[in-house]
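Contents: one structure, followed by commentary.
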Number of protein chains: 2
Amino acid sequence: MQEYPELCEEHHVHPDLLAHMKLEMPDESSLYDLAELFKVFGDSTRIRILYVLFESELCVCDIAELLGMSQSAISHQLRVLKQARLVRARREGKTVFYFLADDHVRTIIGQGMEHITE
Amino acid sequence: MQEYPELCEEHHVHPDLLAHMKLEMPDESSLYDLAELFKVFGDSTRIRILYVLFESELCVCDIAELLGMSQSAISHQLRVLKQARLVRARREGKTVFYFLADDHVRTIIGQGMEHITE
DNA sequence: ATTATATATGAACAGATGATCATATGTTAG
DNA sequence: CTAACATATGATCATCTGTTCATATATAAT
């Protein structure tokens, strides 16, 4: 990564505060992971999957039918959601049921919805 | 968009619940906007910009220097953040100061951070 | 074992994304 | 007006992403 030292002729905030910001900044890998997490929310198909799972666990084929999409497309996206630990799965015979992993999903989507509707 | 009716031989949840889910689902444009919003969070450069703005408003050059990136790159990303109404700007002479638009940013990033660190 | 159903996965391709570079715009000082 | 500084923007390009299609795996029934 290139460095760009002293871009400004003079700073507009105290150097102490700039130093503090650098210290308070989470480490690079956390920031990367955080961006990766939000990328997962950044697709309307995955958002829609999470929304239907708000109500109840569902099997892959029911999700596909609800969203009017192919089984394959949904399965690929469920894998992404699972890797991000936003959903979990349990198998029952041939069927695999997916469900929300925790409540952060609801909070994050709820806050996002608040933001766009204000 | 293609339709995939009756993918399952038989449903695993009550048809009534499936119908309810379709009703509860936000309209297509809200879901699209929501995904667009999270896409904005889904980039580590933009996350880092939001993080430094947690502390104080900052001019473009100070942000660029803090993050070790070019003025142009930061300016492009600030535009994305501004279009998503996550940051706002005020001009003071030659300098433009950017600051967080509201508190949803903090909540969303906070919840995201909780999720990845648990 | 064979067949059918449910789900998962790899390859491929079109479309989106983010940094860079060059340049334009806006503002102030001289 | 002109020069200098701060910021914004358009074009380009390499990379990433999401769907489709074909196929593989897993489970159950006959």
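All chains are named by letter (A, B, ...) in the order of the sequence lines, taking the proteins before the strands, and each is independently numbered beginning at 1. Keep in mind the model is a prediction, meaning the values are calculated, not measured.
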Under 4.0 angstrom, heavy atoms only, what part of the nucleic acid is A/T95 near: base, sugar-phosphate, or nothing?
->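 Sugar-phosphate: the residue A/T95, judged by heavy atoms under 4.0 Å, touches backbone atoms but no base.
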Between B/D33 and B/S30, a side-chain donor and acceptor under 3.5 Å |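 No pair is found: no donor N or O on one side chain lies under 3.5 Å from an acceptor on the other.
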For A/Y98 and C/dA6, is the shortest distance between a side-chain N/O and OP1 or OP2 below 4.0 Å?
->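 Negative; the distance criterion is not met.
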D/dA6 phosphate, OP1 or OP2: any side-chain N/O from B/R91 under 4.0 angstrom?
->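 False: B/R91 side-chain N/O out of range (4.0 Å or more) of D/dA6 OP1/OP2.
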Donor-acceptor pair under 3.5 Å: do we get one between A/Q71's side chain and the base of C/dA8?
->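 Check passes, donor-acceptor contact within cut-off.
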So which protein nitrogen or oxygen atoms get under 3.5 Å of nucleotides 10-15 of chain D's nitrogens or oxygens?
{"from": "D/dG10", "atom 1": "O6", "to": "B/H76", "atom 2": "NE2", "distance (Å)": "2.7"}

Acceptor/donor pairs from residues 85-98 of chain A side chains to any protein atom, 3.5 angstrom cut, sequence neighbours excluded:
{"from": "A/R85", "atom 1": "NH2", "to": "B/H115", "atom 2": "O", "distance (Å)": "2.8"}
{"from": "A/R90", "atom 1": "NE", "to": "A/E57", "atom 2": "OE1", "distance (Å)": "3.0"}
{"from": "A/R90", "atom 1": "NH1", "to": "A/E92", "atom 2": "OE1", "distance (Å)": "2.6"}
{"from": "A/R90", "atom 1": "NH2", "to": "A/E57", "atom 2": "OE2", "distance (Å)": "2.4"}
{"from": "A/R91", "atom 1": "NH1", "to": "A/G93", "atom 2": "O", "distance (Å)": "3.1"}
{"from": "A/T95", "atom 1": "OG1", "to": "B/H12", "atom 2": "NE2", "distance (Å)": "3.2"}

A/A73 vs A/K94, nearer the 5' end of DNA chain D by closest nucleotide |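 Closest to the 5' end, via its nearest nucleotide, is A/A73.
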Partner set under side-chain contact (heavy atoms from CB on, under 4.5 Å) for A/S44, not counting sequence neighbours |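 Partners of A/S44 by the side-chain contact (heavy atoms from CB on, under 4.5 Å) criterion, ordered by chain and then number, come out as B/A35.
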Considering the options A/I108, A/D103, A/I109, which one meets the side chain to side chain contact (heavy atoms under 4.5 Å, CB included) requirement together with A/V105?
->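 That would be A/I109; it is the only one of A/I108, A/D103, A/I109 passing the side chain to side chain contact (heavy atoms under 4.5 Å, CB included) with A/V105.
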Can you name the one residue among B/L100, B/L50, B/L53 that meets side chain to side chain contact (heavy atoms under 4.5 Å, CB included) with B/L81?
->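 Result for side chain to side chain contact (heavy atoms under 4.5 Å, CB included) with B/L81: B/L50.
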State whether the side chain of A/T117 and the backbone N or O of A/M113 hold a donor-acceptor pair below 3.5 Å, judged by distance alone.
->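 Between the backbone of A/M113 and the side chain of A/T117 there is a qualifying donor-acceptor contact (under 3.5 Å).
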